[in-house]
Structure formats: structure tokens, C-alpha cells
Amino acid sequence: MSGFPGELVARLRSARRVAVLTGAGVSAESGLPTFRDSLTGLWARYRPEELATPEAFAGDPRLVWSWYRMRRDAARRASPNPAHLAIARLETLLPEVTLITQNVDELHRRAGSRDPVELHGSLFRSRCAEGCGEHESGVDRELQAERLPRCPGCGALLRPGVVWFGESLPAGALERAQAAVLRSDVLLSVGTSHQVYPAAALPALAASAGATVAVVDSGDVPAGAAPGAYHLRGRAGELLPGLVAAAYALKPAPPPVR
Ligand code: BV8
Ligand code: ZN
């Protein structure tokens, strides 16, 4: 007996197409704070919604870049945890697994996920703030020298390659996510508070199309976020390896060597 709902395990085992939506909670066991966690230290007096906006960057690019530099450094020091690894393993077990992430830490890529839909971009990409089309990934030298990185094409400021509040998602990302969700047999929504749209609408979209939805979260699930979903309450780093093992009769993968 796996301890997971038998019907969910059976649906996962017989699924051909699975969609996985992740939020900051999937990286919590890698040591990265979630958005709902109170920001600590220098950042305790800010809310992410205050820093992750075009207005904040226009008003104080140095402050916003120092927040993103801190997060880049933390993400680089972090390692994928068993939740990331279980999702990457799931991708090798089924014909079609679409990973849709709200996270910008690239830990899914480092865990081996091949082609995540990064709805909100990446900490490790930067782009021209004036939109001349130039992109950069190597801004660490400037940031360490406390210099604001400049666009090699036009000299304007570079900005973090993430999607801020009030900004549209990368072209095609939402459409790719919605198409995957609409054809999925099962959607797993892992470590997200389902508060930021349009990502937060994906589990309800999956349910409306007849998919079996399971939320994996150590906390509560907002009413309406995932109608009729299973709620597997607990830490993703424990539940996901167990769920994949239960569905595919595998012995759980050994914990990653630290
Ligand atoms: C858009 C990248 C169209 C940057 C992020 C007014 C004007 C304009 C827009 C809006 C508006 N009002 C509302 C909106 C829409 C807005 C929105 O949804 N706002 C919210 C605040 C209501 N959305 C947007 O603006 C989006 N764009 O709508 O475009 C448009 C365009 C112009 C004008 C109008 C509309 C863009 C949103 C993207 C913002 N960028 N990130 C960066 O990272 O710096 S959002 C960021 O916050 C994350 O990416 C993520 O999406 C979100 C955080 O949520 P979670 O990932 O869920 O994390 P959280 O901490 O909340 O929850 C963690 C969960 O894990 C918890 O449930 C916890 O219990 C659980 N957990 C913790 N530990 C574990 C665990 N579970 C399991 N195991 C554990 N160990
Ligand atoms: Zn430029």
C-alpha cells in the first residue's frame, strides 16, 4: 500500500500525457525561500510585488539588480532536490510530460528536465531594458563590481530576463502550457500558492478538460484553485519520489549525493 490514493496512482500509471506545474515550493527543500516566506535580512522590508515590477526597476535599477544578484547567487549555490529529480525521472517514464514552471531558478534544468516551459523567465538571462533585442547571460562581472550591466547593442541598461508583475509572459509560453494542460490525462500542481495569474488558472483549466488533478503542497490550497483535485499534503521532496515510485512500481531513487 503506497499511502497515495489508489485512483490517483492508477490514473498516473495509465496516463500517456502528464502536465506538471511548479512554483517556489518545489525549490524550498533546495534552500531557496518561497515568495510567501517572509524575505529575510535586507529584503525583509520589501514585498516581491514591490521589487518585481518595471516601475521598481525604472525607479531604482541598482536596488532591483542587487535583489536579483542575491537570488542568482543563491540559486547557483543551491542544488536540485528529490522533487526536481522525481519530475525529471517522470519525463523519462512517459511518452509526454510537459513541465510548466513559474520558477526562475533553473533548478529543473539542472535536475535534467529537458524542455521546461519557463512561464516567468530565468534569473540567469538578462535582456536590453530598451527592447533592442539584445540578450546577455554574463552580467556577473558587472554586478560583482557594483556596476549596472549595459546592453552591448545600444548601451541602455540590461534588465533581469524575468517576467515582472504587469508584464506579459514570453511569447508562446502560456499557449504551450495551456495546450499541454488541455490534453493532459493528469496534472500535478506542485509547491504553488496558486495566487499569480495566468499560471494559477492552469489546474482549473486541466480539471475543466477532464484531467485528474493532484496538488502537492505542504500548506493549504486556496478554494477554487483546483476544483476536485487530490491534495497530497506534505513536502514535495518526499511526496513526489514516492508518488512516482508508487505509480511505476520503482524503488524510490536514492537521495542525491550532496
Ligand atoms: C500578466 C518572476 C497580462 C519574477 C513572477 C494588475 C495589473 C497587471 C496585472 C495584474 C493586476 N492584477 C492581477 C494581475 C495579474 C498578475 C497577478 O497575478 N498578480 C497577483 C499578485 C494577483 N499577473 C501578472 O502581472 C502576470 N502577467 O498578467 O500579463 C497583463 C499584462 C499587463 C497588464 C495586465 C495583464 C505576470 C506575473 C509574473 C510575475 N513574476 N516571477 C521574479 O521571480 O522575481 S511571479 C512569482 O510569484 C513566481 O514566479 C510565482 O509565480 C509567484 C510566487 O508564487 P508561488 O511560486 O506559488 O510561490 P509562493 O511562495 O506563493 O507559494 C509557495 C507554495 O509552496 C505555498 O503554497 C507553500 O505552502 C508551498 N510549499 C512551501 N514549501 C513546500 C511547499 N510545497 C511542497 N513542498 C515544500 N517543501
Ligand atoms: Zn539594447
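Taking 4.5 Å as the limit, some side-chain heavy atom of Pro203 sits within range of a side-chain heavy atom of His194. Residues Val181 and Ile100 are in side-chain contact: their nearest non-hydrogen atoms beyond the backbone lie under 4.5 Å apart. Counting heavy atoms from C-beta outward, Arg17 and Asp185 have side chains that approach closer than 4.5 Å. Put simply, the side chain of Leu202 reaches to within 4.5 Å of the side chain of Gln178, judged on heavy atoms. With contacts defined as side-chain heavy-atom distances shorter than 4.5 Å, the pair Leu239/Leu243 does not qualify. A heavy-atom distance below 4.5 Å is found between the side chains of Ser126 and Arg72. In this structure, Ser113 and Glu91 have side chains that are in contact, with non-hydrogen atoms separated by less than 4.5 Å. Using a 4.5 Å cut-off on side-chain heavy atoms (C-beta onward), Val97 and Val20 make contact.
Pro227 and Ala207 get closest at one heavy-atom pair: O-CB, 3.8 Å. Val9 and Ala246 make their closest contact through CG1-O, 3.7 Å (heavy atoms, listed as atom of the first residue, atom of the second, distance). The heavy-atom pair separating Ala88 from Gly112 by the smallest distance is CB-C, 4.0 Å. Taking all atoms of both residues into account, the shortest heavy-atom contact from Ala236 to Val216 is CA-CG1, 4.0 Å. For the residue pair Ala206 and Val213, the shortest heavy atom distance occurs at CB-CG2, 4.0 Å. Residues Leu143 and Pro149 come closest through the heavy atom pair CD2-CD, 3.9 Å.
Atom CZ of Arg147 has more than 12 neighbouring heavy atoms from other residues, nucleotides or ligands inside a 6.0 Å radius.
Arg110 places a side-chain N or O within donor-acceptor distance of the main-chain N or O of Ala78, the cut-off being under 3.5 Å. At least one donor-acceptor pair under 3.5 Å links the side chain of Asn103 to the backbone N or O of Gly23. Judged purely by atom type and a 3.5 angstrom limit, Arg11 has no side-chain atom pairing as donor or acceptor with the backbone of Ala211. Of the possible donor and acceptor atoms, none in the side chain of Glu130 sits under 3.5 Å from a partner among the backbone N and O of Ala156.
Placement of Leu12 and Leu93 within a single hydrophobic cluster is found when ILVMFWY residues are connected by side-chain heavy-atom separations under 4.5 Å, directly or transitively. If you chain together hydrophobic residues whose side chains sit under 4.5 Å apart, Leu94 and Leu240 fall into the same group. Two different hydrophobic clusters hold Leu21 and Leu8 under the rule that ILVMFWY side chains link at heavy-atom gaps under 4.5 Å. Connection of Trp164 to Leu148 is established within a shared hydrophobic cluster, with ILVMFWY side chains joined at heavy-atom distances below 4.5 Å, either directly or through further cluster members. Following chains of ILVMFWY side-chain contacts shorter than 4.5 Å, one cannot reach Leu107 starting from Leu123, and the two form parts of different hydrophobic clusters.
Taking the six-membered ring where tryptophan is involved, the planes of Trp65 and Phe57 are perpendicular, since the angle between them exceeds 60° and thus also 30°.
Considering NE2 of His120 and CD of Glu167, their distance stands at 10.5 Å, rounded to 0.5 Å. We find the CD1-OG1 distance between Ile87 and Thr92 to be 12.5 Å, quoted to the nearest 0.5 Å. Distance CZ/Arg125 to CD/Glu106: 6.0 Å, rounded to 0.5 Å. With values rounded to the nearest 0.5 angstrom, Arg76 atom CZ is found 5.0 Å from Phe124 atom CZ. The OG atom of Ser66 lies 12.0 Å from the CZ atom of Arg71; values are rounded to the nearest 0.5 Å. Distance check: His231 NE2 to Ser189 OG gives 10.0 Å after rounding to the nearest 0.5 Å.
Remark: the Ser27 side chain and the His108 side chain contain no N/O donor-acceptor pair separated by less than 3.5 Å.
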Item to check | Test side-chain contact (heavy atoms from CB on, under 4.5 Å) applied to Glu118 and Thr101, step by step | outcome: CA-CA 5 Å; Glu118 292 170 325; Thr101 188; 4.0 Å; yes
Checklist entry - When you look at Val196 and Phe165, which way does the side-chain contact (heavy atoms from CB on, under 4.5 Å) test go after all the steps? => result CA-CA 9 Å; Val196 172; Phe165 290 100; 3.9 Å; yes
Checklist entry - Do Asn81 and Arg235 pass the side-chain contact (heavy atoms from CB on, under 4.5 Å) test, and can you show the C-alpha distance, the side-chain angles, and the key distance before you say yes or no? => result CA-CA 11 Å; Asn81 69 60; Arg235 293 165 20 139; over 6 Å; no
Item to check | Test log, rule side-chain contact (heavy atoms from CB on, under 4.5 Å), inputs Arg127 and Leu158 | outcome: CA-CA 5 Å; Arg127 64 175 187 271; Leu158 284 175; 5.6 Å; no
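Of the charged side-chain nitrogens involved, none lies within less than 4.0 Å of a carboxylate oxygen, so that Asp73 and Arg77 do not count as a salt-bridged pair. Contact check on Asp140 versus Arg69 returns no salt bridge, with no Lys/Arg side-chain nitrogen under 4.0 Å from an Asp/Glu carboxylate oxygen.
With His84 as the partner, the side-chain contact (heavy atoms from CB on, under 4.5 Å) test is satisfied by one option alone out of Thr22, Val26, Val190: Val26.
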